[in-house]
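Lettering of chains follows the sequences in order, A, B, ..., and the numbering in each one begins at 1.
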Protein chains: 2
Amino acid sequence: MSKILVFGHKNPDTDAITSAISFSYLKNQLGEKTEAVALGELNEETAYALNYFNVAAPRVVETVANETDTVYLVDHNEAQQSVADIAEVEVASVVDHHRIANFETTNPLYYRAEPVGCTNTIILKLFKENDVVIPKNIAGLMLSAIVSDTLLFKSPTCTSEDEAAAKELAELAEVDLESYGLDLLKAGTNMGDKSAEE
Amino acid sequence: MSKILVFGHKNPDTDAITSAISFSYLKNQLGEKTEAVALGELNEETAYALNYFNVAAPRVVETVANETDTVYLVDHNEAQQSVADIAEVEVASVVDHHRIANFETTNPLYYRAEPVGCTNTIILKLFKENDVVIPKNIAGLMLSAIVSDTLLFKSPTCTSEDEAAAKELAELAEVDLESYGLDLLKAGTNMGDKSAEE
Ligand SMILES: [Mn+2]
Ligand SMILES: [Mn+2]
Ligand SMILES: [Mn+2]
Ligand SMILES: [Mn+2]
């Protein structure tokens, strides 16, 4: 069987890229064969995080049905934010923190959405529920997503769960939350390409 | 604030009724104010289960917007299976094991779907994740739903998780799984009103 592809939304932000990486890592630890891919190039903030934690950028895909029949969505569900040929594959799992719209499946699926500030806050729970250890570099990426989506806990969508998750991940990543967080946000704003999507 | 109403689909089966009861119980233990209601009268199988475990039938509602602005859906998500005025209220949580279709929200929500045989198999996980003890009568209702949805583990939708959940719930409910299960299914078929919905 071909690999299940895992990806976030188009015009990817740090959560879209890193939640694909963290969810794919979790699934592979659980015995599945998945690959994190991206629906666009990294922005400067995400590139900073991947470089800092020494993780390779996921390859960019334009379509998926040419290589798999099953996909997992992270950080989005709406068809217009997804891959162009999303209608041609089966969405077997979604992990997301947005409203649900323009989303429909033929079969039952795994869908995990919570009204929190970041997809990686939910993925942290999934690691715990499945008793999978989070390596330092994956924890750093997950932390980066929470910092990015919540603007270091200042966004109105930020919850106490996001803040607690970030603190826990900063310890695992062995970074100082405040100083790493500010450096990360600065890396994004420096280049002026941070999307207003979230 | 008015109570949040929790309900399963129209033409309710045992899972629709009892997952409303079990999810509402869980939420109330967690400090929320919710009430399980029903979108139709009990079938004979469900009446047997409620009577056996001495739990009152949820009241039947035709509309919900006249008494609340927020609802939790269990065992369904599609608008045509839901209450007539579903578009007038906010769906803040869904726990379900069906495909997703004709479902859309304005805001982020809690959505928990898994491809298992019964909503109550998922709700059992939620009790554990939240460290809430399941009383004997609620466990009996949850068990009844799994027996009903999986036809005592014979349906093609039944998973090993459903079977394990049923065994665990039968112990909590202090009933013999096989003999109670057969009596329950018999109570439904006797009256010839078991819906083919699931
Ligand atoms: Mn995003
Ligand atoms: Mn996000
Ligand atoms: Mn049902
Ligand atoms: Mn069901």
Dump the table of donor-acceptor contacts under 3.5 Å between chain B and chain A, or return none if there are none.
from: B:R99; atom 1: NH1; to: A:T105; atom 2: O; distance (Å): 3.4
from: B:I100; atom 1: N; to: A:T105; atom 2: OG1; distance (Å): 3.1
from: B:I100; atom 1: O; to: A:T105; atom 2: N; distance (Å): 2.8
from: B:T105; atom 1: N; to: A:I100; atom 2: O; distance (Å): 2.7
from: B:T105; atom 1: O; to: A:R99; atom 2: NH1; distance (Å): 3.4
from: B:T105; atom 1: OG1; to: A:I100; atom 2: N; distance (Å): 3.1
from: B:Y111; atom 1: N; to: A:A113; atom 2: O; distance (Å): 2.9
from: B:Y111; atom 1: O; to: A:A113; atom 2: N; distance (Å): 2.9
from: B:A113; atom 1: N; to: A:Y111; atom 2: O; distance (Å): 2.9
from: B:A113; atom 1: O; to: A:Y111; atom 2: N; distance (Å): 2.9

> Among all residues two or more places apart in sequence or in another chain, which pass the side chain to side chain contact (heavy atoms under 4.5 Å, CB included) test with B:A173?
Replying inline: B:F53, B:A139, B:V175

>> Tell me which of these, A:A92, A:P108, A:A101, has more heavy-atom pairs under 4.5 Å with chain B than the rest.
In response: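 The residue among A:A92, A:P108, A:A101 with the greatest pair count is A:P108.
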
> Is there side-chain contact between A:I146 and A:M142, with heavy atoms separated by less than 4.5 Å?
Replying inline: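 No, side chains not in contact.
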
>> Per the salt bridge (charged side-chain N to carboxylate O under 4.0 Å, His left out) rule, what does the pair list look like for residues 137-146 of chain B, sequence neighbours excluded?
In response: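 Residue pairs passing salt bridge (charged side-chain N to carboxylate O under 4.0 Å, His left out), neighbours aside: none found.
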
>> Considering only residues two or more places apart or on different chains, which pairs with a residue in residues 139-148 of chain B satisfy salt bridge (charged side-chain N to carboxylate O under 4.0 Å, His left out)?
In response: none

>> So if I apply the side-chain contact (heavy atoms from CB on, under 4.5 Å) rule between A:L141 and each of A:I17, A:I134, A:I21, which one comes out positive?
In response: A:I21

>> For a quick test of reading the model, state the closest non-hydrogen atom pair linking A:A20 to A:V74 and the distance between them.
In response: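 Reported closest heavy-atom pair: N-CG2, 3.6 Å.
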
